[in-house]
Number of protein chains: 2
Amino acid sequence: MKMSDVAKLAKVSPATVSRVLCHPELVSKETRQKVMDVINSVNYKPHAVARQFRTKETRIILVVVPDITSSFFSEVLRGIEHIAVTSGYQVILGDTENSVEREEEYINLLYQKQADGLILLTARLNKKKLEELSGQFPLVLACEYMDGLNVPTVSIDNISSARKATEHLIKLGHTKVAHITGPISIVLSRDRLKGYKQAMVSHELEIDSAYIQEGDQTFDSGYNQMLKLLSLETPPTAVFVFNDDMAMGVIKAVKDCYMSVPEDIAVVGFDHIKMSVIYEPKLTTVAQPKYEIGKQAMELLLKQITGQLMNKKKIVLKDELIIGASCGQNSATTRTLEKI
Amino acid sequence: MKMSDVAKLAKVSPATVSRVLCHPELVSKETRQKVMDVINSVNYKPHAVARQFRTKETRIILVVVPDITSSFFSEVLRGIEHIAVTSGYQVILGDTENSVEREEEYINLLYQKQADGLILLTARLNKKKLEELSGQFPLVLACEYMDGLNVPTVSIDNISSARKATEHLIKLGHTKVAHITGPISIVLSRDRLKGYKQAMVSHELEIDSAYIQEGDQTFDSGYNQMLKLLSLETPPTAVFVFNDDMAMGVIKAVKDCYMSVPEDIAVVGFDHIKMSVIYEPKLTTVAQPKYEIGKQAMELLLKQITGQLMNKKKIVLKDELIIGASCGQNSATTRTLEKI
DNA sequence: CTGAAAGCGCTTACAG
DNA sequence: CTGAAAGCGCTTACAG
């Protein structure tokens, strides 16, 4: 069943049927009714690809995500998808499984006009390529902020959040604060490391390079890096960890060494994933507005697609330090007092 | 840049360019080379939608998932996506956020020919509608098995897995075994409940209807239902729980009542999500081959799309009972001995 | 308010 | 092995 068949049945031209569907206000009430009756009675559905081909818009966007099984990204994705569907767009999922090659394969879809725009939840591509891409297609970078990059971006301020998280530990009286980073190849890791260092320096604490260990984002790597830190001659008394997965691994390592969190070691994580609330002790962690990041990224993309361009706008959303039990507010207060 | 432009530059017809791209074996080596050189030098990419429109295949499939933020579904999705991309297909993500209406909206995409096939990770639709859909479009149902439904399906045998899980508790010496179900409106919940009952009956244990509580799949609901069970006059000594999220909530409830898992209450979960290994005590749980379910679902869908139809085949994959610490293998053995 | 006609960029059956 | 031509199902500028 195609539009011309509907037209015949309704005794109008195909153009009129098309108008009823796309611009009903251009058609007289009676004609409209007549056509709608036929459409409903034969259950006609317009051929999406034909329309896309004719109008040159697919109403599809592509979302490239480094790891779809991650609790963090899947919530951002939900935000994107929800707004997309509400606005009449569909989402093609591009799970790169952390591979740059797959990232580039997906981006090919844009050149083939398979999608009207792109949201990147990961940016392993270099700055030049990203800007070039952004010049050619509607593009939004979410989660990762890249300094001096001329591409619309939605993210939190990772540097200041990391600084805040570290300062929380310092204010609790800790001086030997370690940091387990994410893969140092990604900007996020470098930003959070920067924030950690800023906090240390501004409180005149020494940054012991043995206190900085690189993890790979997984629970196990948090576990292993923590064992390393614990076996130092002077182990830290507090650790700021790149993400919650690793932070939980850190806690597990501490437990396995017959020590306690927060009594012996205070831990702060990052992301506030669902599990961070369930794990014991409940994590102190930086909550990112995951759904909101997705939502705003999609809205920014839509603005570009519809041409309400906003000169490469950056949106920085508010994060929040969620106080759990993994830093020991109370015992820390005591420590501060002892110092005084 | 379109195909006819490339053709002009290469001094051949558009048909030849098309053949170079789609059926290179039909073109002489020299012509092919000449055309490829032009394609590369101008970086021509064929217009995907035009091709889709002409060939009547989108090489897009639709995956409808009830909850993209769930660790379980996102791993199944990864399996689907991986095989899809490897086979030259793209995946449109349909996150229903557990709403039946949204499920139907997504399915509309099939009628509009936006996708070549559909994988359902949730089936709230009734049997008749599903079979009708399956008659019209390539369709695979994954995760949920529906009795007597004539639709290709990939799943585990939920009844026998649930029976096995419950029997594990019974063999450990428990006679007062409770079950916290999922939402009883979904088939999976009813199947696992069935398995639980089978195990109880076949071991001649009484099924106390107060021992069966309906949860909603979340941690919190596991927590709440467990509190209810613990406040019974004769509380159970073991609980088989519909999924791991709720099982962790159950454990938390037990702890909060100053009791221990597994000493006071033994717990078995379902799914073997990542967190189940990290949580303490480590869950005993039924592992579903999540990635494999996704993979096989996609392969089954591809077979339908390419017309290698396999009379509404069902694939039942093997699950595995993973023994953690939440059932107390040892203490249980003791109990059994005591009984003797 | 409505219709006739052109055309979006490809692929493929047909002819040579 | 190659080209000319038709046509996939829509939408929209144009004319009336």
Side-chain angles (χ1 to χ4, degrees), chain A residues 1-39 42-60 88 90 108-116 306, chain B residues 1-39 42-60 88 90 108-116 306:
Chain A
M1 176 67 55
K2 50 188 166 174
M3 199 172 265
S4 57
D5 299 323
V6 173
K8 262 175 223 158
L9 288 172
K11 302 196 166 67
V12 295
S13 72
T16 299
V17 178
S18 173
R19 283 192 201 98
V20 169
L21 256 15
C22 303
H23 311 283
E25 71 284 359
L26 298 180
V27 181
S28 78
K29 208 176 144 203
E30 303 83 59
T31 313
R32 204 190 312 156
Q33 193 54 56
K34 191 170 58 173
V35 173
M36 282 312 295
D37 286 348
V38 174
I39 287 178
V42 302
N43 196 25
Y44 166 75
K45 305 278 176 195
H47 193 286
V49 174
R51 174 179 289 174
Q52 287 163 8
F53 178 50
R54 175 59 229 234
T55 60
K56 308 280 105 182
E57 49 171 37
T58 58
R59 297 208 143 237
I60 290 175
Q90 300 301 328
N108 240 318
L109 293 177
L110 282 179
Y111 289 102
Q112 295 164 200
K113 305 272 159 57
Q114 180 61 260
D116 296 345
T306 56
Chain B
M1 177 68 53
K2 51 187 164 173
M3 199 172 266
S4 57
D5 299 323
V6 174
K8 262 176 222 155
L9 289 172
K11 301 195 167 67
V12 295
S13 73
T16 298
V17 178
S18 174
R19 283 193 200 97
V20 168
L21 258 15
C22 303
H23 311 284
E25 72 284 359
L26 297 180
V27 180
S28 77
K29 209 176 145 204
E30 303 83 58
T31 314
R32 204 190 311 156
Q33 193 55 55
K34 191 171 58 176
V35 173
M36 282 313 294
D37 286 348
V38 174
I39 287 177
V42 302
N43 196 25
Y44 166 74
K45 305 279 178 197
H47 191 287
V49 174
R51 175 179 289 174
Q52 288 164 6
F53 178 51
R54 176 58 229 234
T55 61
K56 309 279 104 180
E57 48 172 38
T58 58
R59 297 208 144 238
I60 288 175
Q90 300 302 327
N108 242 316
L109 293 177
L110 282 178
Y111 289 103
Q112 295 165 199
K113 305 272 160 52
Q114 179 61 261
D116 295 346
T306 57

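Chain naming here is simple, since letters A, B, ... match the order of the sequence lines and numbering starts at 1 in each. Scope of the values below: all heavy atoms of this structure, side chains included, with no hydrogens, waters or symmetry mates.
With a cut-off of 3.5 Å on both Watson-Crick or G-U wobble distances, the partner of D/dA4 is given as none.
For the pair A/Lys56/A/Lys113, no side-chain contact is recorded, criterion being any heavy-atom separation below 4.5 Å from C-beta on.
The heavy-atom pair separating A/Arg59 from A/Asp116 by the smallest distance is N-OD2, 2.8 Å. Shortest non-hydrogen contact noted between A/Arg19 and A/Val27 is CB-CG2, 3.6 Å. Nearest approach of A/Ala10 to A/Lys34, heavy atoms of both residues: O-CE, 3.5 Å.
Positionally, the nearest nucleotide of DNA chain D for B/Lys29 lies more toward the 5' end than for the other of B/Arg54 and B/Lys29. Both B/His23 and B/Phe53 lie close to DNA chain C; mapped to their nearest nucleotides by heavy-atom distance, the more 5′-ward contact belongs to B/Phe53. Heavy-atom nearest nucleotides on DNA chain D were determined for B/Ala15 and for A/Ala15, and the one closer to the 5' end corresponds to B/Ala15.
Heavy atoms of A/Ser28 sit under 4.0 angstrom from primed sugar atoms or phosphate atoms, though from no base atom. Using a 4.0 Å heavy-atom cutoff across all strands shown, A/Thr55 reaches sugar-phosphate atoms only and no base atom. No engagement by B/Val49 is indicated, since no non-hydrogen atom pair under 4.0 Å with the nucleic acid exists.
For B/Lys8, the NZ atom counts as loosely surrounded, since its 6.0 Å shell holds 12 or fewer non-hydrogen atoms of other residues, nucleotides or ligands.
With respect to B/Tyr44, the side-chain contact (heavy atoms from CB on, under 4.5 Å) criterion is satisfied by exactly one of B/Val35, B/Leu9, B/Asp5, B/Leu21: B/Leu21.
On the C1' atoms, D/dT12 is 16 Å away from D/dG16, given to the nearest whole Å.
In summary, contact between chain A and DNA chain C, defined as any nucleotide atom under 4.0 Å from a heavy atom of the protein, begins and ends at C/dC1 to C/dG9 in the 5' to 3' direction.
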